[in-house]
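What follows is one structure encoded as structure tokens, with my remarks underneath.
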Amino acid sequence: MSRQPPGGGLIAAQADRIVGDQVRIVVAAQRGDREAFGVLYARFARFVHAILLARVPADVAPDLAQDVFVQAWTMLRTLREPAAFAGWIAALARRRAIDHFRAGRHEVPLQDTHANRDAPDLTVQANEAVAIIRDLPEAYRETLLLRLVEGCSGAEIAELCGLTPDSVRVNLHRGFKLLRERLGEP
Amino acid sequence: MTADDDNRELDRYLWDPAAEPSADVQAVERRLAPMRFDAARRPLILPGPTRSWRHQRALLALAAALVLVASGAAGFWSWRFRWPAGAPWPLTIERGTSPTAPASSQLRLNEALQLDPRASAEVAIARIGTMHVAPGSALTVSETTSRRHRVLLQRGAVSVRVWAPPAAFAFTTPAGSVIDLGCVFDLSVDPDGTSRLRVDTGWVEMANGWGESLVPAGASSIMTAAARPGVPVFDDAAPEFAAGVRTIERDADAAAHNGTLDAVLRAARPRDVLTLLTLTAVSPASARRPIVDRAAELWPPPSTVNASAVAGGDREQLWRWYRTLDLPPAKSWWLNWRDALPRFR
């Protein structure tokens, strides 16, 4: 049985265009085009942030996400397959999280632009929710953070994480069910 | 709406944020909203332009090659100068036209090598050079260590090629010492004990109880036990100049009276100022003035040197003038690096 939805050929062609477009942007950035790298930052910053949020305290994740992109800029020429940019930068982000703990850096940034100062209790609640997600099985963490924090669609998550759409659907469903239970919501 | 409908709605919204919202999911989204990363509010500041990867790789390769060459050179340097104290030197006897094959052997410390009139020898001076010993020569290695190698040359002739720091290698002859300063030279000892030196590259010092003489590349000198070593004379100097200089060295006053000094000064070229200045240093006061005047014509002294003071015996001013001559520094032995290469005869 074909799993391809009606009009799947058009979708596949569009996907090819998107991938081709992304490859061109990565290649341009590899040649030193800062504007092209800015496009990559805009596209992948939430992805990198979600990966970090699944591993490090929420208050340091934004700074580390930027660190990852600075590192990516200096190392981009070592990326041999431009189409593999997502997996490559995800690996950089995971390694950066490990380095953060190895270096024993647990200080709080002087200025936390991420916090909501008008409603500090909201930030506390958000931190609690992230902490609960971090305690979920590993397979659900990044998927849920990408969907619930960064607002990515299931299709985007599948593409970014290199998972099948079905796996993402399952992770979202089961992960959210677990999360809701642990948050104490009906 | 049934529970199944609720679940389907929830799953649809979980998959697609543009779908009909699920109240449960939205509640969690609202709770997590403060955590969302906003790239627009956090502009990325990139470091300055970096060199291209190819450029970096080329630089890395160059650095690696330099390290390799430097470590290889350091290893070669260390190996070349390291020598076990008293170890024998490799020796090959060449029997001239004799049908017998050259015999390979060793030249041991304090063991005399005496060649008959038909035999010559090729001797490795530890690892710092080589020495070709002419037929009929007699010599003995009197000292060999990593820092000092000394050979007693009783008679005969040798052609030496050494690349080592000054005074690492030297001969003792009946007339005095012949000290290598890093170079290629020929040395012979006559039956009467006179040493004759000719330098091809670098510098050689001759020294005995009377004094010393520095001989540069392209020049020759002689040394007897009865007098200070001869001044250097370039091999391309006029014959009357070369012969006259030796006469002046023996008796400057007589040479001044019999016209030899005038002949020498007439035959001198700018290149021969080395000889004239060295001659000034060893001549009596009566002979110095005309030599200094001629030297000043051929190679004017620097403004800080007064020729009259030099003629009056001022050694310090003499050497200041000497150092302006177009000669390589005596201690820059490493500049003659070609002398480290194998010799092709």
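Chain letters run A, B, ... following the sequence lines, proteins first, then strands; residues in each count from 1. Computation of the quantities below employed the complete heavy-atom set of this structure, encompassing side-chain atoms and omitting hydrogens, waters and symmetry-equivalent molecules.
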Is any side-chain heavy atom of A:Tyr41 closer than 4.5 Å to one of B:Pro43? no
Heavy-atom distance under 4.5 Å between the side chains of B:Arg36 and A:Leu148, does that happen here? no
Before giving the answer on side-chain contact (heavy atoms from CB on, under 4.5 Å), spell out for A:Arg180 and B:Leu10 the whole-Å C-alpha distance, their side-chain angles and the decisive distance to 0.1 Å. CA-CA 12 Å; A:Arg180 201 161 51 170; B:Leu10 185 147; 3.5 Å; yes
Under a 4.5 Å cut-off applied to non-hydrogen side-chain atoms, are B:Pro17 and A:Arg147 in contact? yes
Nearest heavy-atom approach of B:Met35 to A:His49 is O-CE1, 3.0 Å
Greatest number of non-hydrogen atom pairs under 4.5 angstrom with chain B, of A:Gln30, A:Arg169, A:His173, falls to A:Arg169
Is a donor on one side and an acceptor on the other found under 3.5 Å between the side chain of B:Glu29 and the backbone of A:Val149? no
Shortest non-hydrogen pair, A:Gln66 vs B:Arg42, comes out as NE2-O, 2.9 Å
When rounded to the nearest 0.5 angstrom, what distance separates CG in B:Asp16 from CD in A:Glu156? 9.5 Å
Got a sec: does the CD1 of B:Ile45 have more than 12 other heavy atoms crowding it under 6.0 Å? no
Residue list, side-chain hydrogen bond (donor to acceptor under 3.5 Å, both in side chains) with B:Ser78, at least two apart or on another chain: B:Arg82
Please look at A:Ala65 and chain B and tell me whether the side chain, the backbone, both or neither of the residue comes under 4.5 angstrom of a heavy atom of that chain. side chain
Minimal heavy-atom distance between B:Leu32 and A:Ala126, with the atoms involved, is CD2-O, 3.8 Å
Hey, are the side chains of B:Val28 and A:Phe176 touching, using non-hydrogen atoms and a 4.5 Å cut-off? yes
Sequence neighbours excluded, the answer for salt bridge (Lys or Arg N to Asp or Glu O under 4.0 Å) partners of A:Arg174 is none
Is it true that A:Arg46 and B:Asp38 make a salt bridge, defined as a side-chain N closer than 4.0 Å to a carboxylate O? no
As an exercise: rank A:Ile133, A:Asn127, A:Ile157 by heavy-atom pairs under 4.5 Å with chain B and give me the winner. A:Asn127
Check the pair A:Leu172 / B:Asp11 against side-chain contact (heavy atoms from CB on, under 4.5 Å), numbers first and verdict last. CA-CA 8 Å; A:Leu172 284 173; B:Asp11 282 342; over 6 Å; no
Any B:Pro47 side-chain heavy atom under 4.5 Å of A:Trp73 side chain: yes
With a 4.5 Å heavy-atom cut-off, do B:Leu44 and A:Phe37 have their side chains touching? yes
